[in-house]
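Report on the structure given below.
Order of the sequence lines fixes the chain letters, A, B, ..., with proteins taken first and strands second; residue numbering starts at 1 for each chain.
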Number of protein chains: 2
Amino acid sequence: MARLNSFFLPPDQWPSAPGDVVSLQGDEARHMLTVLRTQADQTVRLFDGQGNSGLFRVLKAGKKQASLETISLEDAPVSGSNLTLAIGWGKSKRRNYLFEKIVELQAEGVVFWEGVRSQGRLPSEPKETWREKCIQAAKQCGNPYLPSVSVLPDGIIGLIEFSASFDHCYLAWETEAATIPLKPLDLADGRSLVVIGPEGGMDESEAMQLMDAGFKPVTLGNSTLRWETAAAYCLSLAFFAGQEMK
Amino acid sequence: MARLNSFFLPPDQWPSAPGDVVSLQGDEARHMLTVLRTQADQTVRLFDGQGNSGLFRVLKAGKKQASLETISLEDAPVSGSNLTLAIGWGKSKRRNYLFEKIVELQAEGVVFWEGVRSQGRLPSEPKETWREKCIQAAKQCGNPYLPSVSVLPDGIIGLIEFSASFDHCYLAWETEAATIPLKPLDLADGRSLVVIGPEGGMDESEAMQLMDAGFKPVTLGNSTLRWETAAAYCLSLAFFAGQEMK
């Protein structure tokens, strides 16, 4: 089957059964109606970012809003990997790329924390554009889950508090002290958190605090990876592990 | 030790012993002298892209050229992974990203081939900017090897001819017919070639020709990956395999 165009419908508007009528508004309606020029009677795919997706028939294609009838609903699949990345904040033009890869490689989420060597100021809450980037990526790759995206206050202390709910906490540390490589198997069971330092690297005292809090130091290998390559590498190992376990 | 600035010296100019004097010219000299304002007596790192690297002392920092004395030479390390990616050509703004990731994740090389669904025309030879991008990435991450980068004529036939020198040939195919996942172990021994289709995907007849020629179909998982995410994923598995085997 040719790929259907996908649109995001917020979870509080998700239908409960075939026949239910829903309304698409805002950016998603604009994309459907103005950019893709979708018309009445066409079939599209909607998803809610929490695993739900389904086929819908366009009943009415207005200028800024579309109403659609539910044709069929799919069960939420088992989500991809249970990896959350905790990335040291930086002034990077490459952040959008990260959101794409997180969605495509089906990670659970990403949090940003402010390290000693972070450049620029961590925003007090996630930017709307981050979520939009995730939605775009989810539409493109068909992942019905949107990752959780958040910012952590209080630097390394906030990160340690955040880590409490995870089964495995790893610290990707570029140092000779970290000799054990991160493996797909490390990311296979339970929920994992992998910390990646900001662009200038992690401060040694920060690494020490994390290790004192139980984070396992791991190496990502003998190359000096850019932060977003380190992220793509961890996402890849976790995605591989997630595929293998099914 | 703080990271030294790295510069690329072509292999035909590589010194044979400490004390030898070399000359840096062109873009690399400009980067050293004008951008980084390196001065006489400073120590820098040079590499030749074929695994050689060493420390050098700047003897004379001119306007467009620098002469340097060899302080010490390092043995070429075992190269990272033995993976070559064969990527279906497309009009992508993301190609530079690919070169970076190939260098950082220490792959052997990349070749571009023109598929039935390729958009835009494959150049008849690799562009100079591709090599520059690889050099920049190598300077940044410290990889003393530059990947081989080439373009293949004759579409799928050229690709099949090219594949003759590889120990393992895989075809990453987005279809329900490919059920076996590509694994790090598949990329651990010998030289591997992984084919990734162009942005619109591979034509079924192309996939058939590759399979007839002995390529193994593999899946990269249950997500619709963009071509450069598929590439980063394969590079990550190979880099992991390369680390593990050492």
(message) For the NZ atom on A/Lys139, are there more than 12 heavy atoms of other groups (residues, nucleotides or ligands in this structure) within a distance under 6.0 Å?
(response) yes
(message) How about CD1 on B/Ile180, more than 12 heavy atoms from neighbouring residues, nucleotides or ligands closer than 6.0 Å, or not?
(response) no
(message) Tell me whether the count of non-hydrogen atoms from other residues, nucleotides or ligands lying under 6.0 Å of CD in B/Glu132 goes above 12.
(response) yes
(message) Under 4.5 Å from any heavy atom of chain A, what part of B/Leu235 do you find: side chain, backbone, both or neither?
(response) neither
(request) Please confirm whether the backbone N or O of B/Leu220 pairs with a side-chain atom of A/Gln243, one donor and one acceptor, at under 3.5 Å? (result) no
(message) Which heavy atom of B/Ser236 sits nearest to which heavy atom of A/Ala232, and what is that distance?
(response) OG-O, 4.0 Å
(request) Assess the side chains of A/Glu104 and B/Thr229: does a donor N or O sit below 3.5 Å from an acceptor N or O? (result) yes
(request) Over all heavy atoms of both residues, which pair between B/Thr224 and A/Gln140 is shortest? Give the atoms and the distance, please. (result) O-OE1, 4.1 Å
(message) Could you measure the distance from the CZ atom of B/Phe239 to the OH atom of A/Tyr233? Nearest 0.5 Å is fine.
(response) 6.0 Å
(message) Does B/Asp167, at its CG atom, have more than 12 non-hydrogen atoms belonging to other residues, nucleotides or ligands within less than 6.0 Å?
(response) yes
(message) So for B/Arg94, is it side chain, backbone, both, or neither that comes closer than 4.5 Å to the heavy atoms of chain A?
(response) side chain
(request) Answer with side chain, backbone, both or neither: which region of B/Glu228 has an atom nearer than 4.5 Å to a non-hydrogen atom of chain A? (result) both
(message) Within the supplied structure, the quantity of interest is the number of heavy atoms (other residues, nucleotides, ligands) at a distance under 6.0 Å from B/Arg191 CZ; does it exceed 12?
(response) yes
(message) Let's test your reading of the structure: which of A/Thr219, A/Leu237, A/Asn143 forms the most heavy-atom pairs below 4.5 Å with chain B?
(response) A/Leu237
